[in-house]
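Note sheet for the following structure.
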Amino acid sequence: MHFKVLGPLHVRSGDTAPALGPPKQRLLLAVLLGHPHGFVSVAHLVDALWGSAPPPSAEANVRLYARGLRLALGTDRILREGRAGYRLDVDCGEVDACRFVKLVHDGQAALAADDAAGARRSLGEALKLWQGPPFCDLPAESALREERSRLEEWRMVALEQRMEADLRLGQDASLVAELTALVNRNAFRERLWSHLMLALYRSGRQAEALETYRRARGILADELGLEPSRELRSMERAILTADPRLWDTAGNRPLRMDARATSARPPAPGHRAVPAQLPARPLGFVGRAGELARLDEMAADIGGEARVVAVVGPPGVGKTALVVRWAHLARHLFGDGQLFVDLSGFGIDGPLDPGLVLERFLRALDVPSWRIPADTEERAAVFRSLVADRRMLIVLDNAASAAQACVLLPGSAPSLTLITSRLRLDGLATTHGVPRVPLGPLPVADAVALIRDRLARPGGATSGTADGAAGSTTGAVTDGVTGAVTGGISGGVTGAVTGGISGGVTGAVTGGISGAVTDGISGAVTDGVTGGISGAVTDGISGNATGAEELAELCDRIPLALRIAASRLEMSAYDSTLPALVAEMADERVRLDRLAVDESEISIRAVLRASLRPLSEPVRAMFRLLGLHPGPEPSLAVAAVLSGMAADEAREPLDRLVSVHLLAPVPGDHYAMHDLVRIYARERCLAEESASERERCLTALLTWYRDAANAADRVLRPKERPNFASPARPVEFADAASALSWFDAEAANLDAAVRRAAESHPALAWQIAAAMFGWLNRRHHTRQWADLYTVAAEAAATAGDPAGEAMVTGRLAIVHSLLGDTERAVSACHRAHRLRLRLGDTLGAATALLNLAAVCVNAHRPEEAIRWLEEAGSLGARLTDARHFTALLHSNLGEAHHLAGRLPQAMSHYLTSLEISETSCGDRDIAQILVSMSTLHHDMGAREEAISCGERALSLATRTGDILLRAEAYEALGLAHASLERAGEAVARLEAALALFEDLGHRKAGVVRDHLDRLGATPPG
């Protein structure tokens, strides 16, 4: 399949062009093509398609458009991953924009290698792909503005460099007309003016070349208030003096007059020094195409001012590897030299003093010792003066702070400074406007590729530079490159160029790692691995994709952890088997043990310990206590409970942990922690906090979750029987929507809290689960409901609380029935009934029988259901205030009689139930009755009454947040409209019902598809 975006959006599969649907659906595809290998959130897509005023149905419409694209492109093309959003699964070769950028990179590489003909071919081929402005048949939506601008900029770069290739090939006079037209349309592109001047000069038109310079200078001064660049001024001087360097000895290649070209040549005697301090290329580099492309774009913007970029991320994520990899690819752009220093921001001995770094830099720039000032500020001034007119690359690796890095920045210079740090470097971003390139875990495919690449190389050992290793590895590796990266391709090409490795690496690191490893592996210890990799390793990786993915996830897809894990696969203790290592690392108690080559140097513990070392004790204490949290994303409120602080006080240590990438902020005042970091936090908590303190904090945490969940549940079910006595209300909820939103945000934490509490606090376990009932029911999370309540029922029994066991078991019966497990549902109802009778709880016993009747209705056994309902009614008759129970009793009788075909009796019970519910029950109960009445009216031929009940039910279900009820209301309305031959209204409502049923994974999705099929509508796939 081929996707064209350079011009009108067009897709072709073989000889056919799939219909891409309405404009919004085409726009959705265009946005996804701008993120070919990353998930795009639903919120971003809604904003892209509708801007600041989306309709209420926007998210549902996104799902419909996505289904439409699946029908057009294939179900495996548009992928969805929960809340992450949608992703378009394409290869670079399938998208013309991606091929275009790759060809431009090929042309750039050819120019750098002085292969003008090869550059001309690649750049010409790239420009042939250009059929017009990108996405020119789509509206000028802001969603595509950035991608359009990016591609237009690449086109101008391609044109400029193709012109340079043509000039090198002697095509001078033929370029004048084309260049004249280009500068007229792009008056601020100084490279085009320079090319035009050279073409005119080479064509014997020196006066016109100089007039061109004066014209360019006038435009820049009038429009921008700027003088021409050094390149343009150099070209003018060369033309004025008829500089012979404008021609080479063969007379067929012009000399480029920009600093990048002239300074790239070896310096003649007496010229200034050109340092080349980059560490060795990182071996086994995989992925990161998007980040490499972003660095390319930033380097392309360098003008007369110094440019600074910060690459930030957690320890071991590959920051140094990325920067060193890019620096080697782009070193031809920095002909005046490259400086590199490891600032040891998190080493045992503390960060390097900026004065010492400046002394090293000045020595590298040939400043004699006697001329280097003693004062740091004076050294900084000399350094800025020396590099003021140089095009240099300066890498400040592993910075400890913004202050440490600031002293080392050049002033006004055509240079690029790259800073890496575990910190976010907010100070640099705020005061200097420094852009940041955040680095996170590798995508799954790249993580697996890294493991495979490591094991596929002869000798298997990793040598060279990974994140944080400043070239200190020694061994038998000679300039090997694995994982060829194509610079600026959005989406990326991560081909595998394996070679250049002479022999295996069997020794340990001899280049010295001082103290703790900063961010990665400096050398590798493989001890005894000689020759190739045994067949078991190769088969274990290539033949077990699932196992490789599991290993990658256990390593959090962090490059350092992945490399250590791969090295373990080479060790004889594992007999080179992937499953054995995966099985061991699945146990969190030993995972960090397995992610260590040498505990004192190369290990996950070492890099995390180094990140914690500079932090204050209150911040480290917060980190340790978060290790007690059972869920994935603790909130600010929970952190305050754990630490005993007020929320405002707790925010400061949390922000500090965020700044060093040990936590990641999540919307809604929550914080995420990678699994490896969480395991280490728990280890430190067990080692440094007393047992009594851990117990106090854990009890406070679980109690808070219980009381907060119960407060939310009381808002959802204000007129139903309370779960338990809970006077505390740590969180206030204004309405049902805010309560549901809180549950949605805390769902994973609450689930984990139940399972953790079941181990040591069983009473709290069943109570937290009980408090989740309203949310589980309304959101129809049936599988989670069943699993959670099974744990809760056992916990209640362990706690010796028959009332709690009865409550949980009764609700467990409901979900077993919804899942179609009638036998288990009936058994649970009987147990709940027995427990309630034993406790003398008449209302509870009657409710258990009512639930048993509902199970029978779901199993299509109406007469049996009616018998149980009559017995429940007899029990309920003894109660003085049980209007909610009475309403449910009549509602269930209505369902049973409806199922048995006694429609008038069913309607009588529904009306009685509705009358009671409107004064004594909540909106959800009323909506449920109205859905049933809508269906009954339809079956009785009262179509308009069916629509009236369905519309009211839909409104109430929407208000309560009950997704299943909304789906059932849409279905009832669709059938009612269909019976009145209103096909458009029927299809719209049935499609809405189908979308909701499919999201829930509900069996009724198939039924609704059949309805749509009968109406002649094609159900979205």
Side-chain angles (χ1 to χ4, degrees), residues 19 21-22 24-25 28 42 46 49 54-72 75 78 80 86 778-780 782 818 820 858 860 895 898-899 910 924 927-1021:
K24 292 289 187 190
Q25 189 164 296
L28 172 63
V42 174
V46 168
L49 269 61
S57 60
E59 291 191 12
N61 290 342
V62 168
R63 288 195 296 270
L64 289 174
Y65 293 142
R67 290 191 188 96
L69 289 176
R70 287 195 190 102
L71 286 173
T75 56
I78 308 296
R80 183 166 187 187
Y86 292 87
R778 295 189 188 206
R779 292 300 198 227
H780 201 68
T782 50
L818 292 173
N858 288 341
H860 298 278
E895 284 195 52
H898 189 175
L899 184 61
Y910 281 143
R924 184 184 176 281
Q928 183 69 70
I929 297 164
L930 287 167
V931 168
S932 299
M933 289 179 67
S934 176
T935 304
L936 181 57
H937 277 306
H938 174 271
D939 292 349
M940 296 176 75
R943 314 298 193 223
E944 294 295 347
E945 289 85 348
I947 290 173
S948 176
C949 287
E951 293 287 2
R952 188 178 170 205
L954 179 60
S955 175
L956 290 172
T958 302
R959 186 191 307 171
T960 65
D962 192 310
I963 299 173
L964 179 60
L965 261 180
R966 280 178 61 207
E968 291 174 338
Y970 273 125
E971 181 190 12
L973 281 168
L975 295 177
H977 281 292
S979 66
L980 290 168
E981 298 184 355
R982 300 170 183 167
E985 292 90 338
V987 168
R989 283 151 182 82
L990 288 172
E991 286 185 342
L994 177 61
L996 293 173
F997 281 132
E998 285 188 334
D999 281 349
L1000 292 170
H1002 198 282
R1003 60 183 180 275
K1004 290 198 73 175
V1007 176
V1008 176
R1009 282 183 173 278
D1010 291 341
H1011 293 325
L1012 286 166
D1013 212 21
R1014 284 192 290 273
L1015 287 170
T1018 302

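When reading the values below, keep in mind they use all heavy atoms of this one structure, side chains included, and skip hydrogens, waters and symmetry mates. We're numbering straight along the sequence, starting at 1.
- Between Leu936 atom CG and Ile929 atom CD1 the span is 13.0 Å, to the nearest 0.5 Å.
- Not a single side-chain hydrogen bond (donor to acceptor under 3.5 Å, both in side chains) links Thr958 to another residue, sequence neighbours left out.
- A donor-acceptor pair under 3.5 Å is absent between the side-chain atoms of Arg778 and the main chain of Ala957, judged by distance alone.
- Once rounded to the nearest 0.5 Å, the distance linking NE2 of His860 with CG of Leu899 reads 6.5 Å.
- In this structure His1011 satisfies the side-chain hydrogen bond (donor to acceptor under 3.5 Å, both in side chains) test together with Arg1014, sequence neighbours excluded.
- Put simply, the residue from Arg1003, Arg63, Arg1009 that forms a salt bridge (charged side-chain N to carboxylate O under 4.0 Å, His left out) with Glu998 is Arg1009.
- Under the rule for a salt bridge (charged side-chain N to carboxylate O under 4.0 Å, His left out), Arg943 has no partner lying at least two apart in sequence or in another chain.
- Here the CD1-CG distance, from Ile78 to Leu28, works out to 7.0 Å after rounding to the nearest 0.5 Å.
- Each salt bridge (Lys or Arg N to Asp or Glu O under 4.0 Å) pair with one or both residues in residues 953-979, not counting sequence neighbours, appears once here: Asp923-Arg959, Arg924-Asp962, Glu971-Lys1004.
- Sorted by first and then second residue, the salt bridge (Lys or Arg N to Asp or Glu O under 4.0 Å) pairs with a member in residues 977-988 read Glu944-Arg982; sequence neighbours excluded.
- Closest approach of Gly974 and Leu990 over heavy atoms only: CA-CG, 3.9 Å.
- A donor-acceptor contact shorter than 3.5 Å links the side chain of Ser979 to the backbone of Ala976.
- Within the structure, ring pair (Phe, Tyr, Trp, His ring centres under 6.0 Å) pairs that include any residue of residues 947-1005 comprise His780-His1002, Phe997-His1002 (at least two apart or interchain).
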Side-chain donor-acceptor pairs under 3.5 Å in residues 55-62, sequence neighbours left out?
unit_1 : atom_1 : unit_2 : atom_2 : d
Ser57  : OG     : Asn61  : ND2    : 3.1
Asn61  : ND2    : Ser57  : O      : 3.4

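- For His898, the side-chain hydrogen bond (donor to acceptor under 3.5 Å, both in side chains) criterion is met by Asp939, not counting sequence neighbours.
- With rounding to the nearest 0.5 angstrom, the CG atom of Leu996 is 11.0 Å from the CG atom of Leu965.
- Identified under the side-chain hydrogen bond (donor to acceptor under 3.5 Å, both in side chains) test for residues 929-938, with sequence neighbours left out: none.
- Here CG of Leu1012 is found 6.0 Å from CD of Glu991. Values are rounded to the nearest 0.5 Å.
- Closest non-hydrogen pair, Ala19 versus Ala72, comes out as O-CB, 3.3 Å.
- The shortest distance between side-chain heavy atoms of Leu973 and Leu954 falls below 4.5 Å.
- In this structure, OH on Tyr65 lies 7.0 Å from CG on Leu49, to the nearest 0.5 angstrom.
- Between Ile963 and Leu1000, the closest heavy-atom pair is CG2-CD1, 3.8 Å.
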